[in-house]
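Below, all heavy atoms of this structure are taken into account, side chains as well, without hydrogens, waters or symmetry copies. One-based numbering along the sequence shown.
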Amino acid sequence: MRPFVSVRPEDFDLSQESARLEQNAPGAVATFVGLVRGDGGITALELEHYPAMTVSALETIAQQASERWALNSLTIIHRVGRLPVGSRIVFVGASARHRGDALDAVHFVIDWLKTDAPFWKREIFADGRTQWVESRSDDKTARDRWTAD
């Protein structure tokens, strides 16, 4: 199984990505879609990245998930650029014979994307202010539960 990883400014089609996951006649498909939140007057989120480093990091996360669970397919799509509130920012989907593998793999990938994917995020507010997004300790705690054993 070779994971599909994409980092791009363009939006993704949910039905197309779900159909790709269903191609291998799995028993289960699990997906997650992240949207840009408008907390505290935010109007957009801008994501910057270094393409080669980012794709490599996402491929490493995908490989770790593939080694950990019996997956038929795995997709990670992360958008970059300026994304208005409500925009889709990330898609993670997995297919497997059993729902537990698909659900756990998607959860694992999201937790690791939050801490180990090299994106620089800047919040843009309605009044013109901008603010870089700092890493959060609860994201690291969520990721670390996968390595607690």
* Among all residues two or more places apart in sequence or in another chain, which pass the ring pair (Phe, Tyr, Trp, His ring centres under 6.0 Å) test with F12? -> F91
* Asked: Which other residues belong to the hydrophobic cluster containing W120, where Ile, Leu, Val, Met, Phe, Trp and Tyr are joined when side-chain heavy atoms lie under 4.5 Å apart, directly or via other members?
  -> W132
* To do: Could you list who else is in Y50's hydrophobic cluster, with ILVMFWY side chains joined at under 4.5 Å, directly or through other members?
  => M53
* Structure fact -> Closest non-hydrogen contact found for V5 with L58 is CG1-CB, 3.6 Å
* Over all atoms of both residues, closest heavy-atom pair of A94 and L71 -> CB-CD2, 4.2 Å
* Residues two or more places apart in sequence or in another chain: which of them pass salt bridge (charged side-chain N to carboxylate O under 4.0 Å, His left out) with R129? -> D127
* To do: Using salt bridge (charged side-chain N to carboxylate O under 4.0 Å, His left out) as the criterion, list what pairs up with R37, not counting sequence neighbours.
  => D39
* To do: Mind jotting down which residue pairs meet the side chain to side chain donor-acceptor pair (under 3.5 Å) criterion with at least one end in residues 73-87? Sequence neighbours excluded, please.
  => S73-S95
Residue list, side chain to side chain donor-acceptor pair (under 3.5 Å) with [X], at least two apart or on another chain:
{"X": "D139", "answer": "none"}
{"X": "T54", "answer": "H49"}
{"X": "E67", "answer": "Q63"}

Within [range] or reaching into it, pairs that qualify as salt bridge (Lys or Arg N to Asp or Glu O under 4.0 Å) - sequence neighbours excluded:
{"range": "residues 16-29", "value": "E17-R20"}
{"range": "residues 41-63", "value": "E46-R122"}
{"range": "residues 89-111", "value": "D111-R145"}

* To do: Calculate, to the nearest 0.5 Å, the distance between atoms CZ and CG belonging to F4 and L74 respectively.
  => 11.0 Å
* Should L103 and F32 be counted in the same cluster of Ile, Leu, Val, Met, Phe, Trp and Tyr side chains packed under 4.5 Å apart? -> no
* Same apolar cluster: V33 and V85, side chain cutoff 4.5 Å -> no
* Would you say the side chain of L45 lies within less than 4.5 Å of the side chain of V133, judging by non-hydrogen atoms? -> yes
